[in-house]
> 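Got a structure for you, written out below as structure tokens; questions coming shortly.
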Amino acid sequence: MSKEVRVRFAPSPTGYLHVGGARTALYNWLFARNQGGKFLLRIENTDVKRSSKEMEEYIKEAMLWLGLNWDEDIVYQLDRLEIYRKFARELIEKGLAYYCYTPPEELKKEGGGVECFEVDPAKYQGKPLAIKFRVPNEGTTEFDDIIRGHISFRNKDIGDFVIVRSDGIPTYNFAVVVDDHYMGITHVIRGEDHISNTPKQILIYQAFDWEIPEFAHLPMILGPDKKRLSKRHGATSVLEYRDEGILPEALFNFLALLGWSPGDNREIVPKDEMIKLFDLRRVGKRAAVFDLDKLHWINSEYIRMKADEEIYRLALPYVEKAGLVKTEEDRERFRKVVPLLKERVRLLKDFIDLSEYFFKDVETYDEKGVKKHFKEGVEERLRLLVERLENLDSFDEKSIENVVRALAEELGVSAAKIIHPTRLAVTGRTFGPGLFELMAVLGKDECIKRLKKAITWLEERKREKGG
RNA sequence: GGCCCCAUCGUCUAAUGGCUAGGACACCGCUCUUUCAAGGCGGCGGCGGGGGUUCGAAUCCCCCUGGGGCCA
């Protein structure tokens, strides 16, 4: 029986959880679940100025929305400052780290290159001293990355580095090692941008004689311009995708397959299946472009797979917020609208536009539609249709269809000659759900009202044109 | 600038030395259909370049080029 797998996601609460961070968290989560291990959350809030509780809450909300639940109490770096300092002093005692001082003239240097010189702390009482880690000049530091294989660095290229700043705050590389050791992390799964931090961290592990975890460096996620993903590429926070109506299952699926593939040709893979199949060794090495089109396609697939009732529940807030659905009656109608639109929607917010005419009068008719379907003689056809619809007792899909088709036959025209103008009259548009089901949802009175309105509109237009 | 990583259709990817390099998104046709969407069928389109190794290379090695990251 091997040791329990423990992984962590360690965001800084200085910004939103973006898709890059989300995928890192997601791979950690998948790996932990696959291995029957633990997924932990650590908040790296030592940058006090830029960190906020608010951002921390956003990050947690986004993670939970995606289904990335963590297993133990959250670890906060800011609570552990004394511990870092203690371990740093231990390294000094061992002669593996030293105090250093940066003279004021160094700080004035422009363009970096600021030096911090080793000093005897006894002679620099009261001066701000940093602590630097001593890196041997000889040899190499290497590791076997689960994703990338063997990676080696010459120690002389690494050079001494600061582990505790003069203000007493530990640097990233130092805090990470102390925390990962303390948390019993067995596998460090993080972005490729940390590869060059890894040898520094390994040197620290070795200095303490701590067990070195396994490393897996994930490829970056790029924007459509192949540049690093940033605010310029639209939605920056995972929660913005939620607000647009991306389902968490869809984003999960999409992100999981961005850099990893189960090996078969499937694109839609349920979460439990992913947990079973996930394998870090199958994660790709090259950076991946975030393809919004594909995300939207996956989302539409998930929307289609869900029950009408669930989509109703999920989509309702969108149409309510847009002011379309206000009353209990509206909600009942929207419940009937959902099955008609479910297969035509990519994002939940698409319900707003696509269902508008179910809740609002038709004010304008699609221009191209008018040219195409509101032609000579159309008023007469619509007038006859109104007459027959008025005589219908049961205004259901089948009855409406029978009326329309019978009328077409009597007039010796194709059903399309009635269907298209009617759609335009009733919805103002040239596309949408099947006409008969749509009319049934709209109801007899409303359909007749709209048809009459269109007839009037046509007559007025004719008069204007005619003279 | 130094170090490190990466390189298959426009995009996400499959291929673990061996069938005409497979699938998906997007795009374009055709089909189904009352429209749209979905579906079905088909098309477009790729191993960055050059050297090796091998009977045989997308796959292994080297160089170049091009991206990217970290540090300075």
Side-chain angles (χ1 to χ4, degrees), chain A residues 109 111-115 135 140-143 145 147-162 171-173 190-200 217-229 253-269 281-301 303-305 340-346 350 354 366 368-369 372-373 400-401 404-405 408 413-424 426-427 429-439:
Chain A
K109 265 200 201 168
V114 176
E115 289 284 346
V135 176
T140 59
T141 297
E142 22 203 288
F143 62 101
D145 192 285
I147 295 169
R148 282 153 213 279
H150 195 76
I151 299 177
S152 168
F153 292 83
R154 282 178 293 273
N155 288 337
K156 71 174 168 60
D157 290 329
I158 299 171
D160 295 359
F161 56 91
V162 175
T171 57
Y172 168 78
N173 283 316
R190 67 212 327 182
E192 181 184 21
D193 46 338
H194 288 296
I195 289 179
S196 40
N197 286 325
T198 307
K200 294 180 183 175
H217 288 95
L218 272 20
M220 305 265 90
I221 298 181
L222 274 27
D225 55 0
K226 300 227 181 184
K227 292 273 163 59
R228 202 175 181 160
L229 208 55
N253 191 144
F254 173 73
L255 252 21
L257 261 48
L258 197 60
W260 171 72
S261 153
D264 52 30
N265 277 335
R266 283 184 304 168
E267 304 290 333
I268 304 295
V269 185
R281 289 168 303 188
R282 284 195 63 88
V283 172
K285 296 185 188 71
R286 69 162 174 170
V289 173
F290 187 87
D291 182 4
L292 203 55
D293 275 331
K294 189 145 187 180
L295 205 213
H296 288 176
W297 172 75
I298 290 178
N299 201 52
S300 69
E301 292 289 316
I303 288 176
R304 242 174 255 135
M305 285 188 302
L340 308 192
L341 294 178
K342 201 175 85 173
E343 303 205 341
R344 295 173 164 79
V345 129
R346 304 204 112 197
D350 292 342
L354 292 181
D366 178 83
K368 279 184 188 152
K372 207 168 173 190
H373 305 303
I400 301 165
E401 176 159 14
V404 169
R405 296 209 185 273
V413 298
S414 67
K417 284 272 185 294
I418 298 176
I419 288 169
H420 294 309
T422 305
R423 173 188 300 282
L424 190 58
V426 168
T427 71
R429 306 186 187 193
T430 57
F431 62 91
L435 179 68
F436 313 121
E437 45 183 355
L438 164 177
M439 288 175 75

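What's counted below: heavy atoms across the whole structure, side chains too, no hydrogens, waters or symmetry copies. Below, chains carry the letters A, B, ... as their sequence lines are ordered, and counting in each starts from 1.
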> Can you tell me how far P in C5(B) sits from the matching atom in C9(B), rounded to whole Å?
22 Å
> Val404(A) and Ile419(A): which non-hydrogen atoms are nearest, and at how many Å?
CG1-CG1, 4.0 Å
> Heavy atoms from C-beta onward define the side chain here; which of U34(B), G23(B), A26(B) lies closest to that of Ile419(A)?
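Selected nucleotide: U34(B).
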> Quick one: CD1 on Ile298(A) to CG on Asp293(A), what's the gap to the nearest 0.5 Å?
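That separation rounds to 11.5 Å.
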> Does Arg154(A) place a side-chain N or O at less than 4.0 Å from the phosphate oxygens OP1/OP2 of C71(B)?
no
> How close or far is atom P of C12(B) from atom CD of Glu301(A), stated in whole angstroms?
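Going from CD in Glu301(A) over to P in C12(B) covers 20 Å.
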> Rounding to an integer number of angstrom, what distance separates G18(B) and C61(B) when you compare their P atoms?
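That atom pair is separated by 16 Å.
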> Does Arg304(A) reach a base, just sugar-phosphate, or nothing at all? Heavy atoms under 4.0 Å.
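Here Arg304(A) touches the backbone only, sparing every base.
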> Across the strands shown, which category fits Gly259(A) at heavy-atom distances under 4.0 angstrom: base, sugar-phosphate, nothing?
sugar-phosphate
> Is Arg281(A) touching bases, backbone alone, or none of the nucleic acid, heavy atoms closer than 4.0 Å?
nothing
> To the nearest Å, how far apart are Lys294(A) NZ and A24(B) C1'?
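About 4 Å, once rounded to whole Å.
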> What's the spacing between His296(A) NE2 and Glu301(A) CD if we round to 0.5 Å?
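That separation rounds to 14.0 Å.
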> Between Lys227(A) and Asp225(A), does any side-chain N to carboxylate O distance fall below 4.0 Å?
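Here Lys227(A) does not pair with Asp225(A) in a salt bridge, since their nearest N and O are not under 4.0 Å apart.
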> Nearest-Å distance, NZ (Lys285(A)) to P (U13(B))?
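Value for this atom pair: 13 Å.
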> For Thr422(A), which contact category applies under a 4.0 Å heavy-atom criterion: base, sugar-phosphate, or nothing?
nothing
> Of the candidate nucleotides U35(B), A37(B), G10(B), which contains the atom at the shortest distance from the side chain of Phe431(A)?
U35(B)
> At less than 3.5 Å, do the side-chain atoms of Arg344(A) and the base atoms of C36(B) form a donor-acceptor pair?
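Yes.
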> Can you tell me, in whole Å, how much space there is between the C1' of G45(B) and that of G10(B)?
9 Å
> To the nearest Å, give me how far apart NE2 (His420(A)) and C1' (U34(B)) are.
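Rounding to the nearest Å, NE2 of His420(A) and C1' of U34(B) are 5 Å apart.
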> What's Thr430(A) touching, base or sugar-phosphate or nothing? Going by heavy atoms closer than 4.0 Å.
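The answer is base, as Thr430(A) lies within the cut-off (heavy atoms under 4.0 Å) of a base atom.
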> Taking only side-chain N and O atoms of Arg266(A), does any of them lie within less than 4.0 angstrom of OP1 or OP2 on G22(B)?
no
> Taking the P atom in each of A26(B) and A37(B), what is the distance between them to the nearest angstrom?
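Those two atoms are separated by 11 Å.
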> Please compare Asn265(A) and Glu401(A) by the position of their nearest nucleotide in RNA chain B and report the one closer to 5'.
Asn265(A)
> Which part of the nucleic acid, if any, lies within reach of Leu435(A) when heavy atoms closer than 4.0 Å are counted: base, sugar-phosphate only, or nothing?
base
> What integer distance in Å separates Phe254(A):CZ from U13(B):P?
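Going from Phe254(A) (CZ) to U13(B) (P), I get 9 Å.
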> What integer number of Å spans the P atoms of C62(B) and G43(B)?
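The same atom, P, in both gives a distance of 40 Å.
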> Need the pair for C3(B). Rule: Watson-Crick or G-U wobble, both distances under 3.5 Å, any strand; none if unpaired.
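Looking at the geometry, C3(B) pairs with G69(B).
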> Base, sugar-phosphate, or nothing for Pro433(A), non-hydrogen atoms under 4.0 angstrom?
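Result for Pro433(A) = base.
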> Between atom CG in Leu341(A) and atom P in A37(B), what is the gap in whole Å?
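So the CG-P distance, Leu341(A) to A37(B), works out to 14 Å.
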> Using nucleotides 62-70 of chain B, report all nitrogen or oxygen pairs with the protein that are shorter than 3.5 Å.
{"from": "G69(B)", "atom 1": "O2'", "to": "Asp193(A)", "atom 2": "O", "distance (Å)": "3.4"}
{"from": "C70(B)", "atom 1": "OP1", "to": "Arg228(A)", "atom 2": "NH1", "distance (Å)": "3.4"}
{"from": "C70(B)", "atom 1": "O4'", "to": "Ser196(A)", "atom 2": "OG", "distance (Å)": "3.1"}
{"from": "C70(B)", "atom 1": "O2'", "to": "Ser196(A)", "atom 2": "OG", "distance (Å)": "3.0"}

> Rounded to whole angstrom, note down the C1' distance from G22(B) over to U31(B).
25 Å
> Going through the checks in order, is the side-chain contact (heavy atoms from CB on, under 4.5 Å) test met by Phe431(A) and Arg344(A)?
CA-CA 11 Å; Phe431(A) 62 91; Arg344(A) 295 173 164 79; over 6 Å; no
> Looking at Gly284(A) and Ile147(A), what are the two nearest heavy atoms and their distance?
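Where Gly284(A) meets Ile147(A) most closely, the heavy atoms are O-CG2, 3.8 Å.
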> Quantified in whole Å, what is the P atom distance between nucleotide U20(B) and nucleotide C6(B)?
30 Å
> State the pairing partner of C27(B); accept Watson-Crick or G-U wobble contacts with both distances under 3.5 Å, and report none otherwise.
G43(B)
> Should the pair His420(A) and His373(A) be assigned to parallel (<30°), tilted (30 to 60°) or perpendicular (>60°) ring geometry?
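Taking His373(A) first and then His420(A), their aromatic rings lie parallel (interplane angle under 30°).
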> I need the CH2-C1' distance between Trp297(A) and A38(B), as an integer number of Å.
12 Å
> Ignoring backbone atoms, test whether Arg148(A) places a side-chain nitrogen or oxygen under 4.0 Å from the OP1 or OP2 oxygen of C4(B).
no
> Assuming nearest nucleotide by heavy-atom distance, tell me which of Phe290(A) and Gly432(A) is located more 5' along RNA chain B.
Phe290(A)
> Any strand counts, and the cut-off is 3.5 Å on both contacts for Watson-Crick or G-U wobble. Which nucleotide pairs with A14(B)?
none
> What verdict does the side-chain contact (heavy atoms from CB on, under 4.5 Å) test give for Trp260(A) and Leu255(A), after you've listed the backbone C-alpha separation in whole Å, the side-chain angles of each residue and the deciding distance to 0.1 Å?
CA-CA 9 Å; Trp260(A) 171 72; Leu255(A) 252 21; over 6 Å; no
> Tell me the closest heavy-atom pair linking Pro219(A) and Val283(A), and the distance in Å.
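Residues Pro219(A) and Val283(A), closest heavy atoms: CD-CG1, 4.0 Å.
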> When rounded to the nearest 0.5 angstrom, what is the spacing between CZ in Phe290(A) and CG in Leu295(A)?
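So the gap between those two atoms works out to 4.5 Å.
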> Take atom CZ of Phe161(A) and atom C1' of C3(B), then tell me their distance rounded to the nearest Å.
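Rounding to the nearest Å, CZ of Phe161(A) and C1' of C3(B) are 15 Å apart.
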> Which base, if any, makes a Watson-Crick or G-U wobble pair with U33(B), both distances under 3.5 Å?
none
> Give me the distance, rounded to whole Å, that separates G51(B) from A57(B) when you measure between the C1' atoms they each carry.
14 Å
